[in-house]
Amino acid sequence: MEAALSLSFSGEIKIGGNYVSVVRHDRQLFVSGQIPRVGDSVVVTGRVGAEVSVEQARYAAKICTMRALALLRQELGSLDRVSRILRITVFVKCSEDFSLQSEVADGASELLQSVLGDAGIHTRTSVGVYQLPKNAPVEIDLIAAVD
């Protein structure tokens, strides 16, 4: 899974507050918002449409998605137990005139389908926002159905 981005998401995925990364309710897992952090570093920062290009933002979206998948794998022991990604929400910190939020979100959607096949096909909302934690350009949360 990590080979797709040449990054490692093994070990502890750190969170920055008084919450948990994953909540299980019946056969659904809710993954908290993930920013493009690898280890202790946010690897892409800035505002999309200003300091950050669409391609850089798509890369950031992929990192966020890999973090979410790593959390699912830690919780389940294997991604084979994911029967379907039900929904993702993609927040894009962008300039006032930027309107390509869906193109940024495509980075996450393509990665989910690449890693999970048909189980990675999902519903999605992508929205532009003024600010995100740690100056991240993208934040993604997701809901997964599991066996």
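Throughout, residue positions are numbered sequentially from 1 according to the sequence presented. From a predicted model like this one, the values you see are computed outputs, not experimental measurements.
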Using the rule that Ile, Leu, Val, Met, Phe, Trp and Tyr join whenever any side-chain heavy atoms are under 4.5 Å apart, tell me whether Ile35 and Val43 fall into a single cluster. no
Using side-chain contact (heavy atoms from CB on, under 4.5 Å), reason through Leu142 and His122 one step at a time and then give a plain yes or no. CA-CA 10 Å; Leu142 66 76; His122 52 271; over 6 Å; no
Closest non-hydrogen atom pair, Leu132 against Glu139: CD2-OE1, 3.5 Å
What's the spacing between Gln28 CD and Arg84 CZ if we round to 0.5 Å? 13.0 Å
Does the side chain of Ile88 come within less than 4.5 Å of Ser109's, by heavy atoms? yes
Beyond-backbone contact of Val52 with Phe98, side-chain heavy atoms, under 4.5 angstrom: no
Working note: Val82 + Leu76, criterion side-chain contact (heavy atoms from CB on, under 4.5 Å); need CA distance, chi angles, decisive distance, verdict. CA-CA 8 Å; Val82 175; Leu76 298 169; 3.8 Å; yes
OG1 (Thr125) and CZ (Phe91) are apart, to the nearest 0.5 Å, by 8.5 Å
Any chance CD of Glu96 has more than 12 other-residue heavy atoms, nucleotides or ligands included, within less than 6.0 Å? no
Residues in side-chain hydrogen bond (donor to acceptor under 3.5 Å, both in side chains) contact with Arg81, at least two apart in sequence or another chain: none
Does a side-chain heavy-atom distance below 4.5 Å link Phe30 with Asp141? no
same_hphob_cluster(Leu72, Val90) at 4.5 Å side-chain heavy-atom cutoff: yes
Between Val31 and Leu69, is any pair of side-chain heavy atoms under 4.5 Å apart? no
Heavy-atom check, side chain of Val146 versus side chain of Arg24, under 4.5 Å: yes
Supply the atom-to-atom distance Ile140 CD1 to Thr89 OG1, rounded to the nearest 0.5 angstrom. 9.5 Å
Counting only N and O atoms by type, is there a donor-acceptor contact under 3.5 Å from the side chain of Glu51 to the main-chain atoms of Arg47? yes
Is any side-chain heavy atom of Ser102 closer than 4.5 Å to one of Arg124? yes
Closest non-hydrogen atom pair, Val23 against Val20: CG2-CG2, 3.5 Å
Residues forming a side-chain hydrogen bond (donor to acceptor under 3.5 Å, both in side chains) with Thr123, sequence neighbours excluded: none
Output all residues satisfying side-chain hydrogen bond (donor to acceptor under 3.5 Å, both in side chains) with Arg58, sequence neighbours left out; order by chain, then residue number. Glu110
Can you confirm whether Asp118 is buried at CG, in the sense that more than 12 heavy atoms of other residues, nucleotides or ligands lie under 6.0 Å from that atom? no
Take Arg27 and Ser83 through the side-chain contact (heavy atoms from CB on, under 4.5 Å) test and state the conclusion after the steps. CA-CA 10 Å; Arg27 294 186 57 230; Ser83 59; 4.1 Å; yes
Using modelled atom types only, decide if a donor and an acceptor are shared between the side chain of Arg67 and the backbone of Pro36 within a distance under 3.5 Å. no
One should read off an interatomic distance between Gln34 CD and Thr65 OG1, to the nearest 0.5 angstrom, of 9.5 Å
Measuring from Asp106:CG to Gln101:CD, what's the distance to the nearest 0.5 Å? 11.5 Å
